[in-house]
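What follows is a set of notes on a single structure, which appears directly below.
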Amino acid sequence: MINYAKAKLICDVMVHPDYQRQGVGTLVMKTLLEYCQKENIKWIQLSYAKSKQPFYQKLGFIERNPDAPRMILFYE
């Protein structure tokens, strides 16, 4: 995670294949997102493998403009 004042960039969160589908990735991401909320981070940008988009959408991320390379999440 890269720190930009009130914005964060999360890059390449990966779980070893032996531990996938056990909730590890969800736990890691929810922990990161809870930290961001606690720190009053309002904007999170995500770099991810396109095939993992449904996973991140379940966490609240939305797809950006097709010309933009990442998904984003805004907290109010």
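If you're wondering where the values come from, they're calculated on a predicted model, not measured in any experiment.
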Listing, residues 21-31 side-chain donor-acceptor contacts under 3.5 Å, not counting sequence neighbours, or none:
residue, atom, partner, partner atom, Å
Q22, NE2, D18, O, 3.0
T31, OG1, L27, O, 2.7

Quick one: [atom1] on [X] to [atom2] on [Y], what's the gap to the nearest 0.5 Å?
X: K58; Y: K52; atom1: NZ; atom2: NZ; result: 11.0 Å
X: F61; Y: Q45; atom1: CZ; atom2: CD; result: 10.0 Å
X: Q37; Y: K42; atom1: CD; atom2: NZ; result: 8.5 Å
X: L32; Y: I10; atom1: CG; atom2: CD1; result: 5.0 Å

For S47 versus L9, what's the shortest heavy-atom pair and its separation? N-CD1, 4.5 Å
In chain order, what residues pass the salt bridge (charged side-chain N to carboxylate O under 4.0 Å, His left out) check against K38, with sequence neighbours excluded? none
Residue list, side chain to side chain contact (heavy atoms under 4.5 Å, CB included) with E39, at least two apart or on another chain: Y35, I41
